[in-house]
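Everything on this sheet refers to the single structure shown next.
We name chains A, B, ... by the order of the sequence lines, and we start the count at 1 in each one.
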Amino acid sequence: STIVLIFEAPKDFNFYVKPGQKIRFGEALGSL
Amino acid sequence: LHTAPLRSLPRLRPFHFLVATGGGYAGYRQYEKHKEKQLENSGVEIPPKIASDWEVSLYKSVPTRLLSRAWGRLNSVELPTWLRKPILSLYIWTFGVNMKEAAVEDLHHYRNLSEFFRRKLKPQARPICGSHSVISPSDGKILSFGQVKNCEVEQVKGITYSLESFLGPHACKENPKKKPASSSSSSSRDSFQKQLVTKDSNELYHCVIYLAPGDYHCFHSPTDWKVSHRRHFPGSLMSVNPGVTRWIKELFCHNERVVLTGFWKHGFFSLTAVGAQNVGSIRIYFDRDLHTNSPRYSKGSYNDFSFADTDAASREGVAMRKGEHLGEFNLG
């Protein structure tokens, strides 16, 4: 299964992940 | 061949034919992989090898929905208590499930694999990050993320799909926060993206998370937002593992999926749960009307449901807190 997030955010929104990284529910995805 | 007596000819049985063609195709694929490896080692960037239309059609012709429902029905049969531990242990071993995090560790508690697949975690197993506005809604692997440009969303590196095909036409009525669509947009794709974004100073971002078979398969709210609309696209149930995702362009637009759209503090927000082979059923806890992986559906159709009660202006949808239980994937 897959979950896809698509959202609007200001230009300085940053992701704190890398492609291929394992992630767990509750961990940071991104922020301003 | 002409002179040999018939009985001495090795009778060409279908099995031999299958082995020969299967073996030939496998050998060809190995050779291709070896060639790509050599090119990669010599520093040549290889574009992802994308399936041709006939390969996609061939794959889509496999009755994966029927198989998925059968698989779901099989796994809903109540197992005798003595059989639960061996079967579930095999699944745990095969997919590397960490049972220490499960709310219930005793395998006899789960009457079948479907119940096990819907297992919950101990609350303390997944602390919610308080310092970032967007958290991961589930366990899994990050396939891709970043800005959405020209209305194309990256599926994996080098392969994109159309945002408009994925979300479908605009559902929300003119929302109060939205500014009128800019008349300058050059193409319809551009205006589709522009109409999603409510402020000029904002961009559109995306993130794709792949859940492996052994992962915890419930999902939660990734931020504080209000869900105003649900769109359910019945569709195929092709595998979405990273290898297939790199092979079939627009894979997420082919598969059964449930698109939740709404608003967060910066404007538009959406979460889409995409079904896959054997995991064709998707539940959204506050959406009783949602029925996925039904036997019959018309191609290209979708079902809309609005949670925004237009009368009560304050209730623009279902308010979801960051980390709140939102839904789950089910076998079948």
Side-chain angles (χ1 to χ4, degrees), chain A, chain B residues 121 126-129 131-146 148 153 156-157 163 166-167 196-199 201-211 216-220 222-223 240 245 252 257 264 266-276 279 282 323 329:
Chain A
S1 332
T2 303
I3 288 187
V4 180
L5 300 180
I6 295 173
F7 55 94
E8 164 183 7
K11 288 182 174 27
D12 53 348
F13 182 88
N14 287 306
F15 282 97
Y16 294 93
V17 290
K18 289 186 289 296
Q21 169 191 334
K22 286 289 281 177
I23 194 162
R24 306 199 317 177
F25 152 53
E27 290 176 352
L29 259 188
S31 205
L32 290 169
Chain B
L121 298 182
R126 294 287 185 278
I128 307 292
C129 170
S131 53
H132 291 83
S133 50
V134 183
I135 60 169
S136 178
S138 70
D139 284 9
K141 177 192 265 193
I142 301 286
L143 286 193
S144 71
F145 62 91
V148 177
V153 191
V156 285
K157 188 164 171 35
L163 181 67
F166 184 66
L167 296 180
L196 279 185
V197 177
T198 57
K199 296 184 200 90
S201 56
N202 284 351
E203 296 289 352
L204 209 54
Y205 297 91
H206 77 97
C207 184
V208 180
I209 300 167
Y210 164 70
L211 290 81
Y216 165 60
H217 264 73
C218 297
F219 48 91
H220 300 247
T223 189
V240 291
T245 310
F252 299 148
R257 62 193 183 279
W264 70 322
H266 297 295
F268 173 78
F269 199 95
S270 75
L271 177 146
T272 302
V274 183
V279 186
I282 298 164
F329 290 100

Does anything in residues 3-15 of chain A pair up under side-chain hydrogen bond (donor to acceptor under 3.5 Å, both in side chains), and if so which pairs, sequence neighbours excluded?
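Listed once each, the pairs are A/Glu8-B/Thr198, A/Glu8-B/Asn202, A/Lys11-B/Glu203.
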Could you tell me how the ring of A/Tyr16 sits relative to the ring of B/His132: parallel (under 30°), tilted (30 to 60°) or perpendicular (over 60°)?
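A/Tyr16 vs B/His132 ring planes: perpendicular.
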Look at [options] and state which one has the largest set of heavy-atom pairs under 4.5 Å with chain A.
{"options": "B/Phe166, B/Phe252, B/Tyr205, B/Phe219", "answer": "B/Tyr205"}
{"options": "B/Thr245, B/Ile135, B/Leu121", "answer": "B/Ile135"}
{"options": "B/Gly323, B/Ala273, B/Ser201", "answer": "B/Ser201"}

[Y] and [X], any side-chain heavy atoms less than 4.5 Å apart:
{"X": "A/Leu32", "Y": "B/His266", "value": "yes"}
{"X": "B/Phe145", "Y": "A/Leu29", "value": "no"}
{"X": "B/Cys218", "Y": "A/Phe25", "value": "no"}

Go through the atoms of [X] and report whether side chain, backbone, both or neither lie under 4.5 Å from a heavy atom of chain A.
{"X": "B/Ile282", "result": "neither"}
{"X": "B/Ser138", "result": "both"}
{"X": "B/Pro137", "result": "both"}
{"X": "B/Ser131", "result": "backbone"}

Compare every heavy atom of A/Thr2 with every heavy atom of B/Phe329, then report the nearest pair and how far apart it is.
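What the structure gives for the nearest pair is CZ-O, 3.6 Å.
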Specify the closest pair of heavy atoms between A/Ser1 and B/Ala276, including all atoms of both residues, with the distance to one decimal.
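Taking A/Ser1 first and B/Ala276 second, the nearest heavy atoms are N-CB, 3.8 Å.
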Using atom types as modelled and distance alone, determine if a side-chain donor or acceptor of B/Ser270 lies under 3.5 Å from a backbone N or O of A/Ile6.
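A pair under 3.5 Å: yes.
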Given 3.5 Å as the limit, does a donor-acceptor pair link the side chain of A/Ser31 with the main chain of B/Ser133, or not?
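It does hold such a pair.
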A/Ile3 pairs by side chain to side chain contact (heavy atoms under 4.5 Å, CB included) with which of B/Leu211, B/Val208, B/Val274?
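Single side chain to side chain contact (heavy atoms under 4.5 Å, CB included) partner of A/Ile3 among B/Leu211, B/Val208, B/Val274: B/Leu211.
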Let me confirm one number: the CD-CD1 distance from A/Glu27 to B/Ile128, rounded to the nearest 0.5 Å.
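Rounded to the nearest 0.5 Å, the CD-CD1 separation comes out at 10.5 Å.
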How far does CZ of A/Arg24 sit from SG of B/Cys129, to the nearest 0.5 angstrom?
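Those atoms lie 13.5 Å apart.
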May I have all residue pairs that pass salt bridge (charged side-chain N to carboxylate O under 4.0 Å, His left out) and include part of residues 131-141 of chain B, sequence neighbours excluded?
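As it turns out, the salt bridge (charged side-chain N to carboxylate O under 4.0 Å, His left out) pairs with a partner in residues 131-141 of chain B, which skip direct neighbours, are B/Arg126-B/Asp139.
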For chain B, find which of A/Pro10, A/Pro19, A/Gly20 contributes the most heavy-atom pairs closer than 4.5 angstrom.
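Option with the top pair count is A/Pro10.
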